[in-house]
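A quick write-up on the structure given underneath.
When a residue number appears, it is its place in the shown sequence, counting from 1. We count ligands from 1, going down the list as the structure has it; atoms in each ligand are counted the same way.
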Amino acid sequence: MTVHIEGDAGRVVGPVPRRLFGSFVEHMGRSVYTGLYEPDHSTSDDRGFRGDVLELVRELGPSVLRYPGGNFVSGYRWEDGVGPDRPVRLDPAWHSVESNRFGLHEFAAWAEAAGAEVMYAVNLGTRGIQDAADVLEYCNHPGGTELSERRRANGADRPFGFKLWCLGNEMDGPWQIGHKTADEYGRLAAETARLMRMIDPAVELVVAGSSHADMPTFGSWERTVLRHTAELVDHISLHAYYQELHGDTDSYLASGAALDRFIGTTAGIIDETLTELGLDKKIGISVDEWNVWDLRRWNEVDQARLAEGGWREHPRIIEDDYTVTDAVVVGSLLSSLLRNVDRVTMANQAQLVNVIAPIRTEPGGPAWRQTTFHPFQRVAALASGVSLRLSVEGDRIRTAQHGEVDLVDVAATAGESGRGAVFLTNRATASPTEVRIRLRGARYGVYAAETLTTPEGGTRHTTNTAAAQPVRPVPLPGAAATSDPGGTTITVTLPPLSWTVLQLSLQAASHA
Ligand code: AHR
């Protein structure tokens, strides 16, 4: 089987925003406690930040970190996590006990150590306009008011200056604490946004869109919410999690195409609503939760365990062990984000540590890279400059959930430094696929090719564990580029069920 991919160095989707490579830290399970924060751990500093985790986070390279939730935020009182008195509270969202030992200042310091921007979510579940205004004033106002002086007294003389703010979380979901109708939420989000802008006109606001493409309200939710908020917000969110259901691997491997569609439909609704409102502005899409997640395990195993265990601090929940297949799907979801940079302004893989995460830890023990660490790390490090518009011709596969999709999924970027990258997912599970890429307008050479696929002696279900991490990208022999005055032709053979990255270096532009 040969798949033909065509592109032109001059035909671009748009610049690749660094914020595309965000991640997410929620007070949930062992994400914070015994994840990134564990004062007694041998690698921790005097702030309780695990050094081994920070090292892996820096290697992973997230640009933005969403915090503190998630479902958690819809019942959270932010002031519990600042100052010397930290009340212990119930966290109803995750049936847990929250010690509040880690809060706003700790997270700001941790994000700075990790080299990432903070994206802060306010509670529009149990709280509302005043609370959102208060936390913003606490964080961003320089001084001279009770709230800003309280921040200074708590050790942060200079404002945190958080720019990105989420107006609540998944308010369309019946599971959300303080769940609302689109009208109720739209009004609340609009009034909250108005007050937040009065306090700090520089903030960028994300209004909550749909929690899933299959939500019965998807579409009508966005229209109603945007009618209330379009003038006041900069981005609208969408959340997208994928899983393999009933052994239907083909549909699972088509998740990147499903995400393309979800983004495309949301973009259409934004455009329609802006036209209806007569507004000449852009509203970006913030894919501020995306990942692969075995939701059946959460529904059938973890929730029962939570109920049996009673109220406890940082219980082990949704610590999915990711396989080769999961990593390949994560690679294709990253390619979908790259293909849609004309609409997607930022994205956060959910989550960062332990909870459906690329990084896992054991309390008192090691931290290690899950299989899904690698595609994120490679794409965050190698995708730069602009995303190229490509077309694919060749075999397609019919899937039960997502219709017909290309056998090979692709995204490519061209950086200003002359470095390019091509990201390829082979959805063929049993056979290799030959790929021929024709890139007009630039003469590239391939200087590295790596693939993540089933390791020697493993299966597509192989995972990494604390003891051994066999799943990682390995050099892929045989990728070759030939250039001519019209451009570059690259040939490569992709192993079955694999995610591959080709690193290119520009030899010359071939036409004006
Ligand atoms: O990331 C886990 C949970 O998934 C988040 O708390 C919630 O927003 C989503 O449903």
Checklist entry - Backbone N or O of D326 within a donor-acceptor pair of the T323 side chain at under 3.5 Å? => result yes

Next on the checklist: Closer than 4.0 Å to some heavy atom of G70 - which atoms of ligand 1 meet that?
Outcome noted: 5 (C), 6 (O), 8 (O)

Next on the checklist: Evaluate W94 for polar contact with ligand 1, using N/O atom pairs at a separation under 3.5 Å.
Outcome noted: no

Checklist entry - Hey, is the main chain of V292 close enough, under 3.5 Å, to the side chain of Y322 for a donor-acceptor pair? => result yes

Checklist outcome for this item: When every non-hydrogen atom of R339 is compared with those of A411, the smallest separation belongs to CG-CB, 4.4 Å

Item to check | Nearest-option assignment for atom 8 (O) of ligand 1, heavy atoms, candidates M28, Q176, E289, H239 | outcome: E289

Checklist outcome for this item: E26 heavy atoms within 4.0 Å reach ligand 1 at atoms 5 (C), 6 (O)

Checklist entry - Should you measure from each heavy atom of E170, which atoms of ligand 1 turn up under 4.0 Å away? => result 7 (C), 8 (O), 9 (C), 10 (O)

Item to check | For ligand 1, the portion of F72 having any non-hydrogen atom under 4.0 Å away | outcome: neither

Next on the checklist: Tell me if the centroids of the rings in W110 and F102 come within less than 6.0 Å of each other.
Outcome noted: no

Checklist entry - Mind checking whether H105 and Y138 have ring centres under 6.0 Å apart? => result yes

Checklist entry - How far is atom 2 (C) of ligand 1 from its nearest protein heavy atom, and which residue and atom is that? => result Q351 NE2, 3.4 Å

Next on the checklist: Under a 3.5 Å cutoff, is there a donor and acceptor pairing between the side chains of H41 and T43?
Outcome noted: yes

Checklist outcome for this item: Quick note on ligand 1: atoms under 4.0 Å from a heavy atom of Y241 include exactly 1 (O), 2 (C), 4 (O)

Next on the checklist: One residue to check: V355. Relative to ligand 1, which of side chain, backbone, both or neither has a non-hydrogen atom less than 4.0 Å away?
Outcome noted: neither

Next on the checklist: Between F107 and Y120 (judged by ring centroids, cut-off 6.0 Å), do the two rings come close enough to count as a pair?
Outcome noted: no

Next on the checklist: Side chain, backbone, both or neither: which applies to W298 and ligand 1 if a contact is any heavy-atom pair less than 4.0 Å apart?
Outcome noted: neither

